[in-house]
Amino acid sequence: MPPKHGPWCAHVVLHDVAERQIDARNDADREVLDAAIVRLSLDDRIGARGDG
C-alpha cells in the first residue's frame, strides 16, 4: 500500500542569532549554506519528528 504522506521533510527554524550570521556572509557562502540546510531538512535520520 502506498504511504499516506509524501516524503518526510524537517522544519528548519533559524533564530535571530543565525539570521545575523547568515546576513554577514557573502552570496557564495549563503548558496552553500542554503544547499546544506536543504540536505539536512531532507535527511530523516536527523532531528526528531513531531509524531508524539
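Heavy-atom basis, side chains included; hydrogens, waters and symmetry copies ignored.
Within 6.0 Å of CZ on Arg30 lie more than 12 heavy atoms contributed by other residues, nucleotides or ligands.
Leu14 is connected to Leu33 through a chain of hydrophobic side-chain contacts under 4.5 Å among Ile, Leu, Val, Met, Phe, Trp and Tyr, so both are in one cluster.
In summary, Arg20 and Asp23 do not engage in a salt bridge, as defined by a charged side-chain N under 4.0 Å from a carboxylate O.
Looking at every heavy atom in both residues, Gln21 comes nearest to Arg25 through O-CG, 3.3 Å.
Atom-to-atom distance recorded for Asp27:CG and Asp34:CG is 11.5 Å, nearest 0.5 angstrom.
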